[in-house]
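Reviewing the structure listed below.
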Amino acid sequence: TNPVISGQSEIDEDGLIEKERDVLKERIFFDKNSSMLHPGSKVILDKKVNLLNQHPDLRLRIIGNTCDLGNEKINIPLGLKRANAVKEYMNEKGIDEQRLVPATQANYDPLLPNTTEDNRAINRRCDFELDRR
């Protein structure tokens with residue numbers, strides 16, 4: 001499908017303009033072995049809540065990730081716990097939980113090699129994408 005031009009912004013197949021796609025791509029990060037949301041993360045999540053309010057037909061997939069510390073018995077539940085913390089926050093802000101799909105990739109999708117603590121900190125995150133199911 002060809003993008004539609006609205007003013008200066010191209011609208012994609014999901015009805016989003018570039019600025020909205022950028023909001024969708026923003027990640028949030030977590031402390032080691034934690035699923036607690038930082039105040040800065042809540043600012044990012046509030047932008048996603050606004051986006052979902054403007055596009056009531058969209059569903060959001062929330063993907064919790066971990067660094068390589070720990071094993072699957074720790075990292076899979078921790079990744080899901082991070083995704084569910086986001087879901088709970090967004091639900092409290094008025095987004096129907098049916099529109100929020102928590103998932104985890106645990107430590108299987110690092111952004112950076114887990115070779116330093118700084119890199120591990122970047123891998124402890126939630127990513128966001130549209131859920132098209």
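Nothing fancy with the numbering, it's 1 onward along the sequence. Because only heavy atoms are used, hydrogens play no part in the values below, and waters and symmetry mates are left out as well, while side chains stay in.
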Heavy atoms only: give me the nearest A103-A83 pair and the separation to one decimal.
O-CB, 3.4 Å
Which atom of N84 lies closest to which atom of P102, heavy atoms considered:
OD1-CG, 3.3 Å
Under the side-chain contact (heavy atoms from CB on, under 4.5 Å) test, residues paired with [X] that sit two or more places apart:
{"X": "D68", "result": "N107, N114, R120"}
{"X": "P77", "result": "none"}
{"X": "K81", "result": "S35"}
{"X": "P113", "result": "T115, N119"}

Rounded to the nearest 0.5 Å, how far apart are [atom1] of [X] and [atom2] of [Y]?
{"X": "I17", "Y": "Q54", "atom1": "CD1", "atom2": "CD", "value": "8.5 Å"}
{"X": "R99", "Y": "N91", "atom1": "CZ", "atom2": "CG", "value": "11.0 Å"}
{"X": "L100", "Y": "E88", "atom1": "CG", "atom2": "CD", "value": "11.5 Å"}

Suppose the criterion is side chain to side chain donor-acceptor pair (under 3.5 Å): which pairs have a residue in residues 23-32, not counting sequence neighbours?
E26-K47, R27-D127, D31-H38
Residues that D109 engages under salt bridge (Lys or Arg N to Asp or Glu O under 4.0 Å), provided they are two or more places apart
R125
Which residues pass the salt bridge (Lys or Arg N to Asp or Glu O under 4.0 Å) test with R124, not counting sequence neighbours?
E117
Is there a path of hydrophobic side-chain contacts, each under 4.5 Å between heavy atoms of I/L/V/M/F/W/Y residues, joining [Y] to [X]?
{"X": "L60", "Y": "I44", "answer": "yes"}
{"X": "Y89", "Y": "L80", "answer": "no"}
{"X": "L130", "Y": "L52", "answer": "yes"}
{"X": "I63", "Y": "V86", "answer": "no"}
{"X": "L16", "Y": "V101", "answer": "no"}

Just jot down the side-chain hydrogen bond (donor to acceptor under 3.5 Å, both in side chains) partners of E18, sequence neighbours excluded, or say none.
none
Please collect all salt bridge (charged side-chain N to carboxylate O under 4.0 Å, His left out) contacts where either partner lies in [range], sequence neighbours excluded, each pair once.
{"range": "residues 71-80", "value": "none"}
{"range": "residues 34-43", "value": "none"}
{"range": "residues 49-62", "value": "R59-D131, R61-E129, R61-D131"}

Is the shortest heavy-atom distance from the side chain of R132 to the side chain of D14 under 4.5 Å?
yes
For the residue pair I28 and F128, establish whether any side-chain heavy-atom pair is separated by less than 4.5 Å.
yes
For N65 and N123, run side chain to side chain contact (heavy atoms under 4.5 Å, CB included): C-alpha distance rounded to whole Å, both residues' side-chain angles, the deciding distance at 0.1 Å, then the answer.
CA-CA 7 Å; N65 294 273; N123 291 331; over 6 Å; no
T66 vs N33, test: side chain to side chain contact (heavy atoms under 4.5 Å, CB included). Steps then yes/no.
CA-CA 8 Å; T66 68; N33 204 27; over 6 Å; no
Side-chain cluster (under 4.5 Å, hydrophobic types only) that L112 belongs to, other residues:
F29, L111, I122
